[in-house]
Amino acid sequence: KESLDEGLQKTKDNFFSKITKAVAGKSTVDEEVLDNLEEALITADVGLDTTVQIIERIEQRVARDKYVSTSELNSILQAEIETTLVDAPSSNVYDFHTDLPTKPYVILVVGVNGVGKTTTIGKLSYNFKKAGKQVLLGAADTFRAAAVDQLTIWSERTGVPIVKQAMGSDPAAVAFDTVQSALSRGSDVVLIDTAGRLHNKAYLMDELSKIKRSVQKVIPDAPHEVLLVLDGSTGQNALEQAKQFTAATDVTALAITKLDGTAKGGVVLAIANQFKIPVKFIGVGEKMEDLLVFDKHEFVDSLFS
Ligand code: GDP
């Protein structure tokens with residue numbers, strides 16, 4: 001909770017100052033306040049669709065209760081944001097200690113370069129290992145030398161083995177090797193790094209489906225999870241990338257990184273609400289301890305505390 005509050009500090013300040021401005025000089029919630037609030041939420045990266053849903057709910061409440069004091073607005077807003085997220089699929093807070101449904105459990109990690117994919121894999125391996133699980137990394141982002149190097153550094157840092165090949169080798173072959181190696185080592189969980197190159201949708205689909213097919217040669221129902229990593233500090237851009245990736249492949253979980261040091265954390269609300277895919281993890285720093293499991297109630301609570 002503390003690291004969440006700390007990680008969200010800039011987003012919280014941003015949120016608070018925008019809401020304060022929206023009600024400045026007003027004692028009751030009227031149309032003008034609602035307009036200001038709508039603008040405040042949109043500029044706080046909550047996203048148009050989600051903002052409209054929230055504002056409509058508050059409007060209904062104002063219509064029902066006739067008089068709503070602006071001093072109540074914070075708690076009303078918090079309640080309505082919570083309601084908006086009730087149907088979001090992230091109701092189960094992830095637990096690294098829970099037994100994985102199958103062994104090895106294969107997680108394909110996708111996302112555009114620079115969003116924090118490698119770092120997130122490093123943090124995940126740290127958490128899985130701490131929970132007593134045998135982890136294996138696969139360096140299937142073979143397009144950039146730095147990607148393999150960085151993953152190797154993380155494997156050393158967390159003491160988790162890695163399967164890699166020379167730079168430029170076939171990513172599908174690396175993925176195949178990794179899963180085979182996981183079987184023979186008896187690994188519990190496999191994290192495969194991929195090069196998420198978003199040149200165009202067809203290209204991305206093709207690349208990811210090649211990797212999937214080669215993994216399926218070894219384990220027919222793998223990958224068991226496709227985790228899309230998004231950079232929260234890019235705000236609406238992250239929302240856009242989520243749209244593109246979910247259209248190109250079956251994304252089953254989301255991780256949103258770099259929420260520390262950004263005021264754009266409101267985008268988490270937009271992403272959690274708009275996609276029928278659970279946000280499972282959030283990144284609040286560069287260290288291995290800086291990955292938090294996402295809890296929507298805790299998140300909203302933190303925004304308003
Ligand atoms: P990749 O290209 O997607 O694999 O991205 P990297 O994992 O190499 O991360 C890119 C940069 O973002 C690195 O400098 C990371 O240390 C940094 N980074 C990743 N996650 C976070 C985070 O949650 N918070 C902060 N502040 N930096 C992060």
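All ligand and atom numbering here is 1-based and tracks the order in the structure. All figures in this text were calculated on a predicted structure; none of them were measured in a lab. Sequential numbering from 1 along the given sequence is applied to the chain's residues.
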Taking the six-membered ring where the residue is Trp, are the ring centres of Phe128 and Phe96 under 6.0 Å apart?
yes
Under 4.0 Å, heavy-atom basis, I'd like to know which part of Thr119 is in contact with ligand 1: side chain, backbone, both or neither.
both
Answer yes if the ring centres of Phe304 and Phe15 are under 6.0 angstrom apart, and no otherwise.
yes
Ring centres under 6.0 Å, that's the criterion: do Phe281 and Tyr94 meet it?
yes
Looking only at N/O atoms, are Thr257 and ligand 1 under 3.5 Å apart anywhere?
no
Quick check for you: to the nearest 0.5 Å, what is the distance between Ile54 atom CD1 and Leu269 atom CG?
6.5 Å
Please write down residue, atom name and distance for the protein heavy atom closest to atom 3 (O) of ligand 1.
Lys117 N, 2.7 Å
Quick one: does Asp290 get a heavy atom under 4.0 Å from ligand 1?
no
I'd like to check which ligand 1 atoms, numbered from 1 as shown, lie under 4.0 Å from a non-hydrogen atom of Arg144.
2 (O)
Atom 18 (N) of ligand 1: the protein heavy-atom neighbour that sits closest, reported with distance to 0.1 Å:
Lys258 CE, 3.9 Å
For salt bridge (Lys or Arg N to Asp or Glu O under 4.0 Å), just list the numbers for Arg144 and Asp149, CA-CA rounded to whole Å, side-chain angles, deciding distance to a tenth of an Å, and then say yes or no.
CA-CA 9 Å; Arg144 296 176 306 148; Asp149 292 347; over 6 Å; no
Please check if any side-chain donor atom of Thr252 sits under 3.5 Å from a side-chain acceptor atom of Glu225, or the reverse.
yes
Quick one: which ligand 1 atoms are inside 4.0 Å of a heavy atom on Gln150?
8 (O)
Numbering the atoms of ligand 1 from 1, which are under 4.0 Å from a heavy atom of Gly114?
1 (P), 2 (O), 3 (O), 5 (O), 10 (C)
Any chance you could lay out the salt bridge (Lys or Arg N to Asp or Glu O under 4.0 Å) test for Asp290 and Lys123, step after step, and finish with the verdict?
CA-CA 7 Å; Asp290 296 333; Lys123 292 169 174 175; 5.7 Å; no
Counting only heavy atoms not in Gln236 (residues, nucleotides, ligands), do more than 12 fall under 6.0 Å from its CD?
yes
Near Gly283, which atoms of ligand 1 are under 4.0 Å from a heavy atom of that residue?
23 (O)
To the nearest 0.5 angstrom, please state how far the CG atom of Asp177 sits from the NZ atom of Lys164.
13.5 Å
Assess Gly111 for proximity to ligand 1: is some non-hydrogen atom of it under 4.0 Å away?
no
Could you find the nearest protein heavy atom to atom 24 (N) of ligand 1 and give me its residue, atom name and distance?
Asp260 OD1, 2.8 Å
Min side-chain heavy-atom separation Phe245-Glu240 under 4.5 Å
no
Give a yes/no verdict on whether any heavy atom in Gly285 is under 4.0 Å from an atom of ligand 1.
yes
Look at atom 14 (O) of ligand 1 and say which protein heavy atom is nearest, naming residue and atom and giving the distance to 0.1 Å.
Glu286 OE2, 3.4 Å
With backbone taken as N, CA, C and O and side chain as the heavy atoms from C-beta onward, which portion of Lys287 lies under 4.0 Å from ligand 1: side chain, backbone, both, or neither?
neither
Taking atom 4 (O) of ligand 1 as the point of reference, which of Thr118, Val110, Thr120, Ile256 owns the nearest heavy atom?
Thr118
the protein heavy atom lying closest to atom 5 (O) of ligand 1 turns out to be Gly116 N, 3.1 Å
Kindly indicate whether the side chain of Leu136, heavy atoms from C-beta on, has any atom under 4.5 Å from the side chain of Val160.
no
Asn113 N/O to ligand 1 N/O under 3.5 Å
no
Residue-level breakdown please: for Val284 versus ligand 1, do any non-hydrogen atoms fall below 4.0 Å on the side chain, on the backbone, on both, or on neither?
backbone
